[in-house]
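In what follows, a single structure is set out as C-alpha cells and then discussed.
Each chain gets a letter, A, B and so on, in the order its sequence line appears, and its residues count up from 1.
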2 protein chains.
Amino acid sequence: MGKRGVRLSREAIVGRAVELADAEGLAAVTIRRLAQENAVTPMAMYWHFDDKDSLLDAMAEHLIASVDVPEPTDGPWDGQLRAILAALLAALRPHPAVAGLASARVLATEPGLRLAERVLELLGRAGLDTRRAAEAAMFLVSSVIALVTAAPADRRGPEDEEDAVRQRKARLQALPPSRYPHVVAAAPELANCFDRDGYFDDNLDLLVRGVHGIA
Amino acid sequence: MGKRGVRLSREAIVGRAVELADAEGLAAVTIRRLAQENAVTPMAMYWHFDDKDSLLDAMAEHLIASVDVPEPTDGPWDGQLRAILAALLAALRPHPAVAGLASARVLATEPGLRLAERVLELLGRAGLDTRRAAEAAMFLVSSVIALVTAAPADRRGPEDEEDAVRQRKARLQALPPSRYPHVVAAAPELANCFDRDGYFDDNLDLLVRGVHGIA
DNA sequence: ACCTGAACACCGTTCAAGT
DNA sequence: ACCTGAACACCGTTCAAGT
C-alpha cells in the first residue's frame, strides 16, 4: 500500500510520469523511480501496466486526450484546420519530452481518432482526394509534433536557458563568414527561435498554406 | 585487442551502431552490445567515446554527413529547395530509427551547417526576411525528419510489414462509421501511406508550396 | 595509445507468495 | 484486487591496472 494509504491508479501514475518527464526528461521515467515516488514496490506497477511500453502508450494517450479540439463551425476550412493544429500544438508544447511518443499513436487512441477525423474532413473540403488527404493528415500531425520536439533538449532550469541561447548564438557567430554567410547572419534568430511564439505561429501558417498549395 | 587483431576505430563503431539500430532498433544500440560485436571489453568503448551520448552524437553526424547536397544552380529557388530536402530525405529514409537523433544536432555538425547555409540562402531568395528564414529552415529540416520517423516503429522483418498494414487497416475499418466516417473511408490509405513514395513526394511538395505561401 | 578486470549503482521483468 | 520479496539478466560508468 502506498504513501498515506492512497491506492495507486493508472491515472495517478501516468500523471506523475508526465510530470517527471517534464522536469527531468523521458529517461528519468522509470518503473522503479515511479514506484519509489509512490512509496510502493516496483512490481506494484505491473499490476497497473503490462510493461513499460504500455506505460509510455498511456502517457501518449494522456497528452492526446488533453487536446481541446475546437467544435466545427461553418467558417472556411483553412481557418478551422489552423485552429485544430494550434490546439494540438498548445496541448503538446508544455511537454516536449513526451510529445514524441504521440506521433506513432494518434490513430490508436480515441481522442487521436477524433482529431484525425476532423482533419480528414477539412482536407477533403480543401479539395484533396482520399489518398492525398490521408497522407497530408498524417504528415500535418507529425509536423506539429516536430515543431514541439525539435527544440534542443535542454536538461536545465528555465533561467539557464538564456545562457544556452547565448552560447548557441556565440558558437554560430564564431563560424567563418566566408563559408557560412547566411548562418552567421542569422545566428541570433537560429539560436532562439524555439523560444519565440512566432516560430510556432509562422510555421503553422506555412503548413496551412502548403495545403492550399497542393489542393 | 579485437577480433582478428583489427583495431577499433570511431568510424567502424559508429557504422556498426547504425546497422544495429536499423536492424533491431535504437534500444539495441548499447555500449556493451557494441563491445561484444567487436569482440572487445565494454570499457574499450570509452577510449573512443566520452560516453554513450557522444556515441549517439556521432551516429547523428554520420547520417547528416551522408546527405548528398546538390550543387547550387541558377534555377529557381523552389526547385533547388525541393532538391535539397529530397536529398536529406533520401539519406535519412534507410535509417528511421536513427533519424530522430539528427534534428537537435544539425547546427552542431559541419555537414549540417552546409545544409542549413544552402537552405537559408534559398529562403532569402524566396523573399523571407532573416528571422522568418531561420524559423522556416529549422522547421523544414525537422519536418523532413518527422516524415521519416513518423512511420509506426515496426520491430519486424520486411515481410511481416504487410501483415502489419493489413492489421492496421482492419482496425480502422472496424471503427463505427457514424463517428469516424472519414477515418473509415480512408483506412487503406492511412494504413499504408508510409510505404508509398507518394507520401514523401506529396509532403515535400506541401512544404515547398508552404514556403511559397508565406513569402 | 589502446585495452582489460573488477566493481557500483542502476535498469525491466518473472515468478511465487502474501492479504 | 492489489501488493511484496527475492532473483535474473541486463544497463552505463568509474577507477586502477596492464602492455
Side-chain angles (χ1 to χ4, degrees), chain A residues 1-62 97-98 100-101 104-105 153 155, chain B residues 1-62 97-98 100-101 104-105 153 155:
Chain A
M1 178 86 61
K3 177 163 49 179
R4 292 172 301 149
V6 179
R7 272 300 213 279
L8 288 180
S9 73
R10 275 181 71 93
E11 262 311 302
I13 295 171
V14 169
R16 185 71 197 108
V18 171
E19 283 177 27
L20 238 181
D22 293 342
E24 304 182 30
L26 196 58
V29 176
T30 266
I31 297 274
R32 295 177 109 104
R33 172 77 181 271
L34 245 20
Q36 186 183 321
E37 307 255 347
N38 288 97
V40 117
T41 271
M43 304 84 215
M45 296 292 131
Y46 286 88
W47 197 90
H48 299 276
F49 300 92
D50 282 349
D51 51 20
K52 190 179 177 181
D53 236 53
S54 73
L55 204 217
L56 298 177
D57 287 347
M59 291 172 71
E61 182 158 5
H62 182 82
V98 191
L101 296 176
R105 291 170 235 241
R155 204 60 59 238
Chain B
M1 177 86 60
K3 176 164 48 178
R4 291 172 302 148
V6 178
R7 269 309 211 274
L8 288 180
S9 74
R10 274 182 71 95
E11 262 311 303
I13 296 171
V14 169
R16 185 70 196 107
V18 172
E19 284 176 28
L20 238 180
D22 293 342
E24 303 181 31
L26 196 58
V29 176
T30 267
I31 297 274
R32 295 177 110 103
R33 173 77 182 270
L34 245 20
Q36 185 183 323
E37 306 256 348
N38 288 98
V40 117
T41 271
M43 305 83 214
M45 296 292 130
Y46 286 89
W47 197 90
H48 299 276
F49 300 93
D50 283 348
D51 51 20
K52 189 178 179 182
D53 236 53
S54 73
L55 204 217
L56 297 177
D57 286 348
M59 291 171 71
E61 182 160 4
H62 182 83
V98 191
L101 296 175
R105 291 170 234 242
R155 203 62 57 240

(message) Across nucleotides 5-19 of chain C, 5' to 3', mark each nucleotide with B, S or - according to how protein heavy atoms within less than 4.0 Å reach it.
(response) BB----BBBB-----
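Counting heavy atoms from C-beta outward, F49(A) and I31(A) have side chains that stay 4.5 Å or more apart.
In this structure, the side chain to side chain donor-acceptor pair (under 3.5 Å) partners of R33(B), at least two apart in sequence or on a different chain, are E24(B), E37(B). Take E19(A) and apply the side chain to side chain donor-acceptor pair (under 3.5 Å) test, not counting sequence neighbours, and it matches R16(A). With sequence neighbours excluded, the residues that form a side chain to side chain contact (heavy atoms under 4.5 Å, CB included) with E11(A) are S9(A), H62(A).
In this structure, D22(B) and V98(B) approach most closely via the heavy-atom pair OD1-CG2, 4.2 Å. The shortest non-hydrogen separation linking G25(A) to A97(A) is CA-CB, 4.4 Å.
In DNA chain C, stems built from 3 or more consecutive Watson-Crick or G-U wobble pairs, each with both distances under 3.5 Å, span C:4-8 with D:12-16, C:12-16 with D:4-8.
Spacing between dC2(D) and dA17(C) at atom P, rounded to whole Å, works out to 22 Å.
R10(B) places a side-chain N or O within 3.5 Å of a backbone atom of H48(B) that can act as its donor or acceptor partner.
Residue pairs meeting the salt bridge (Lys or Arg N to Asp or Glu O under 4.0 Å) criterion with at least one member in residues 38-54 of chain A, sequence neighbours excluded, do not occur.
Put simply, H48(B) has a side-chain N or O that comes within less than 4.0 Å of OP1 or OP2 on dC3(C).
Between the CH2 atom of W47(B) and the P atom of dC2(C) there is a distance of 4 Å, rounded to whole Å.
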